[in-house]
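Only this structure's heavy atoms are used, side chains among them; waters, hydrogens and symmetry mates stay out. Quick note on labels: first sequence line is chain A, next is B, and so on, each numbered from 1.
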Amino acid sequence: MSAPYQLTPLAETRPGMVLSDVVRDGKGNVLLAQGIVLTESMLASLGRHGIDLLPILQAVPAPPPLDPDAIQARLDHLFRKHDRDDLGDWATGILRRYMEDYRLQREVGA
Amino acid sequence: MNRLTPEQLAAGVQDLPSLPAVVMELLSSVEQEDIDISVLAKKVSHDQALTAKTLRLANSPSSGLQVKVTTIQQAITFLGFQTTRNLITAAAITGCFPSGRCNGFKDKAFWRHSIATAACARALARRMRFNQDIAFTAGLLHDIGRLVLVTCHPEAYGQVVAWQVQHGSDWLAAERAVLGIDHVDAGIALADHWNFSDTMRQAIAYHHAPDILGAGFLATIVHVANAIVHALDLAGDDDDVVPRVSSVAWDAMGLNEEAYLHLFRETELQFSEMSTILMA
């Protein structure tokens, strides 16, 4: 398992949570598969099988949303010596465009 | 004004802290293939701090080792001699200059920029089928002249910093205006003093002017890597500025946008791993 998970007491689990691993009973039989989204009835059934801890997938913190204006402003500051209209300085201009595509995660045609 | 004569520059370089003898040996022999590896491993092992730092680098995820190396000899066995030599050099150089001596000079930003340029130059070199180890070391050392000036003439360099802030110029112009010499001159003086190979000396001398006849391809690689790293904003310096990129140098790389976007990503990843270890 590489995804972060937390062993959670059954009493604290809620429908909608996701299993990070298979759940087996005491004899090793698989009760629920990895990746299953838990429902009310599953939780009740797990209780009857004597399961008291569940490996619950932890939400990976979402990366902070891009702020295109802030990114563009910072790039413009970094490239403040470059003049977009100076065609003689095209190499800096290309680096600038590539860096904008990279930072702003624009689709780039292969 | 604080003019520095070439004599003062040379005298300053003499007073610099010296690198461990084994690192000097590594630097002057960077293009030599036939050094006795076991002797070298033994020499490095005598320096415990250097060994520890080198092994941490060797065991960082980017080196891709499946095993954990615990001696220099093992690192050489698993990573190869060239790569290990790189790590030793990086570990030694980043620890040898005192920091915080010059008001306004951002030591941390300097090293972050140097380490990132080393990573980027290595990644570029691989795509150019150029020697990656030499490119890495050249990237790491390209601005070392600034550190020479800062270390030997901290007060004078403080004025360079003030001049740069006031005029918003690049460093070369600020250094020339205040000191009459620049970090390229100082880098060359150090290269001579520390006995760098000619290729390395050329790269330091021409990384701002790769178009000059005889500058060499290494200077071209370092020139482009330097600009990319400024554009990637890796130094953590609010006042960072991307220098003009030579179109001749950019042309010589011959890479398309997709290749550059991969290169940017690779540089960022390698940088974050290396800087954690080297700047600890």
> Which of residues 45-52 of chain A get closer than 4.5 angstrom to chain B, counting heavy atoms alone?
Replying inline: none

> Residue by residue, which of residues 6-16 of chain A have a heavy atom closer than 4.5 Å to a heavy atom belonging to chain B?
Replying inline: none

> Among residues 73-84 of chain A, which ones touch chain B with a heavy-atom distance under 4.5 Å?
Replying inline: A:R74, A:L75, A:H77, A:L78, A:F79, A:R80, A:K81

>> Is A:R103 close to chain B through its backbone or its side chain, or both, or neither, when contacts mean heavy atoms under 4.5 Å?
In response: side chain

> Looking at B:D239, B:I228, B:D170, B:D233, which one has more heavy-atom pairs under 4.5 Å with chain A than the rest?
Replying inline: B:D233

> Do other residues, nucleotides or ligands put more than 12 heavy atoms under 6.0 Å from the CG atom of B:N103?
Replying inline: no

>> Ignoring hydrogens, what is the shortest heavy-atom contact between A:Y98 and B:N256? Give both atom names and the distance.
In response: OH-C, 4.3 Å

>> Working note: B:Y260 + A:M99, criterion side chain to side chain contact (heavy atoms under 4.5 Å, CB included); need CA distance, chi angles, decisive distance, verdict.
In response: CA-CA 9 Å; B:Y260 273 109; A:M99 198 54 72; over 6 Å; no

Show me the side-chain donor-acceptor pairs of residues 242-252 of chain B shorter than 3.5 Å, one per line, residues at least two apart or across chains.
{"unit_1": "B:S246", "atom_1": "OG", "unit_2": "B:D211", "atom_2": "OD1", "d": "2.5"}
{"unit_1": "B:S246", "atom_1": "OG", "unit_2": "B:V248", "atom_2": "N", "d": "3.2"}
{"unit_1": "B:S246", "atom_1": "OG", "unit_2": "B:A249", "atom_2": "N", "d": "2.9"}

> What are the two closest heavy atoms between B:E268 and A:Y102, and how far apart are they?
Replying inline: OE1-OH, 2.5 Å

> Side chain, backbone, both or neither: which part of B:F264 has a non-hydrogen atom closer than 4.5 Å to chain A?
Replying inline: both

